[in-house]
Amino acid sequence: MMKKRILSGVQPSGTPTLGNYLGAFRSWVALQDDPQYESVYCVVDMHAITIRRDREELRRQTRELYALLLAIGLDPERNVLFIQSQVPQHAELTWVLNCYTMFGELSRMTQFKEKSARHPDNINAGLFDYPVLMAADILLYQAHLVPVGGDQKQHVELTRDIAVRFNGVHPDVFTLPEPYIPPVGARIMSLTDPTRKMDKSDPNPASHVLLTEAPDAIMKKFKKAVTDSDAQVRYDTTQKPGVSNLMAIYALATGLSLEETEKQFEGQGYGVFKPAVGEAVVALLRPVRERVEALLRDPGFLEAEMARGRERACAIAEKTMADVRHAVGFLPKG
Ligand code: ATP
Ligand code: LTN
């Protein structure tokens, strides 16, 4: 039986947050036990330079993020884990796909509008073209399924539109991908402003919990999390966005349902509820932090895993790229 392929990516733009974990990484780990699939995950450092970055910091964050993917439980045997810039076919396919993507389509992307509003002095072409590089990431590996948080759905849909357009001219080159978005946790919200998603690039550290954060810092952030004045633990994302976000976090961290969570805290105020959410998150993240620290103490091991991942990724990517070069009319590579 031919396995279906899964592909996803994460930017080395800072230590990932609880939002990244609950929205995306958790399903990556769960999917590796499903024999129908084989998975490819990349640290997308080329996406990260759409915003100005210090080179040493980018290198450090790329290594740390790679270690973190291993620490959350992704097995480098069963999954291909690699660094995007080490596989040059990503840049090569992006150019070709640019010629199959419309200016109007890219202008409608929510993330572009948000990021260009946040960095008005650096609205570069890379930021505009970001979704096409993401489409190349996905289509190079002929991915069927793309597990992401809800914020990336629009980009996966655009990838599909680009693939349909390309296949319309050159039949059967690309597999059409589908987004895979978890039903609860698709959008974990900021702890200081529950109308915005929790974001690792948010300058206010109280807004997010980092996956490697110390337990006392985590407890403090949950105790201060923005809620409301009615003191009832009830799930209602429009009337009570802060409490509902904390309930989703608690439910995902403990494995309880939202109803069970509501029942557990019935008649108890936020003074009991908020520290309980903090403790559940501390327990969830403790093993991850310990494993990352151990992995970063062994750079030789990390380098060897990256090299192995790059080789496996290149083999798949080159096969697709050879088909694409042929389809568009480039001469074969010598
Ligand atoms: P940045 O803030 O630098 O743009 P990001 O966290 O939005 O970063 P990535 O690190 O590339 O972007 O995201 C990795 C995965 O985490 C993606 O699948 C994304 O959909 C998911 N994700 C990010 N934030 C959240 C969130 N608050 N809730 C759920 N999923 C999220
Ligand atoms: N755009 C995504 C990160 C990303 C990605 C991908 C996700 C880059 N390439 C391929 C899934 C598949 C983000 O900003 N979170």
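Ligands are counted one by one from 1 in listed order, and the atoms in each one are counted from 1 as well. Throughout, numbering of the chain's residues begins at 1 and tracks the sequence. Note that the structure is predicted; figures quoted are calculated from it, not measured.
For F82 and Y141, the ring centers sit closer than 6.0 Å to each other. Ring-centre distance between F112 and Y130: not below the 6.0 Å cut-off. Close placement of the F265 and Y250 rings is indicated, their centers lying within 6.0 Å of each other. Aromatic ring centres of H170 and F166 lie closer together than 6.0 Å.
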For E56 and R60, what are the C-alpha separation, side-chain angles and deciding distance, and is it a salt bridge (charged side-chain N to carboxylate O under 4.0 Å, His left out)? CA-CA 6 Å; E56 284 313 322; R60 183 177 55 75; over 6 Å; no

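Residues L69 and M134 are members of separate hydrophobic clusters, defined by side-chain heavy-atom contacts under 4.5 angstrom among Ile, Leu, Val, Met, Phe, Trp and Tyr. Cluster annotation: L127 and V44 are assigned to distinct hydrophobic clusters (Ile/Leu/Val/Met/Phe/Trp/Tyr, side-chain heavy-atom contacts under 4.5 Å, transitive).
In summary, the atoms of ligand 1 found under 4.0 Å from a heavy atom of V148, numbered by their order in the structure, are 18 (O), 20 (O). Ligand-side atoms of ligand 1 in range of S13: 1 (P), 3 (O), 8 (O), range being under 4.0 angstrom from any heavy atom. Close approach to G149 involves these atoms of ligand 1, each under 4.0 Å from a residue heavy atom: 18 (O), 19 (C), 20 (O), 21 (C), 30 (N). In the vicinity of G23, heavy-atom distances shorter than 4.0 Å reach the ligand 1 atoms 29 (C), 30 (N). Interface atoms of ligand 1 facing Q152, defined by a heavy-atom separation under 4.0 Å, are 20 (O).
With no hydrogens or angles considered, a side-chain donor-acceptor pair links Q111 and Q152 at under 3.5 Å. Side-chain contact, K200 with S13: a donor N or O sits under 3.5 Å from an acceptor N or O. In summary, the side chains of D137 and H90 do present a donor paired with an acceptor at a separation below 3.5 Å, with no hydrogens or angles considered.
Of the listed residues (K115, K200, Q111), the one carrying the non-hydrogen atom nearest atom 4 (O) of ligand 1 is K115. Across the listed options T15, I51, T17, N20, N20 owns the non-hydrogen atom lying nearest to atom 21 (C) of ligand 1. Around atom 7 (O) of ligand 1, the closest heavy atom drawn from K197, R118, H208, Q11 belongs to K197.
Contact annotation for R187 and ligand 1: only backbone heavy atoms (N, CA, C, O) come within less than 4.0 Å of the ligand. Both the backbone and the side chain of S201 come within contact range of ligand 1, each with a heavy atom under 4.0 Å. Looking at D199 against ligand 1, only its side chain comes within 4.0 Å, counting heavy atoms. Under 4.0 angstrom from ligand 1, the non-hydrogen atoms of D151 all belong to its side chain.
In this structure, M189 has no heavy atom closer than 4.0 Å to ligand 1.
The side chain to side chain donor-acceptor pair (under 3.5 Å) check on T62 picks up nothing, with sequence neighbours excluded. Legend: residues meeting side chain to side chain donor-acceptor pair (under 3.5 Å) with S207, ordered by chain and number and at least two apart, are D202. Considering only residues two or more places apart in sequence or on other chains, T320 meets the side chain to side chain donor-acceptor pair (under 3.5 Å) condition with Q142.
Checked against a 3.5 angstrom limit, the closest N/O atoms of I188 and ligand 1 fall inside it. At least one N/O-N/O distance between M198 and ligand 1 falls below 3.5 Å. Any N or O atom pair closer than 3.5 Å counts here, and V10 shares no such pair with ligand 1.
Closer than 4.0 angstrom to ligand 2 lie heavy atoms from L7, S8, G9, Q11, V44, H47, Q111, Y130, M134, D137, I138, V146, V148, Q152.
Salt bridge annotation for E105-R165: present, with a cationic side-chain nitrogen under 4.0 angstrom from a carboxylate oxygen.
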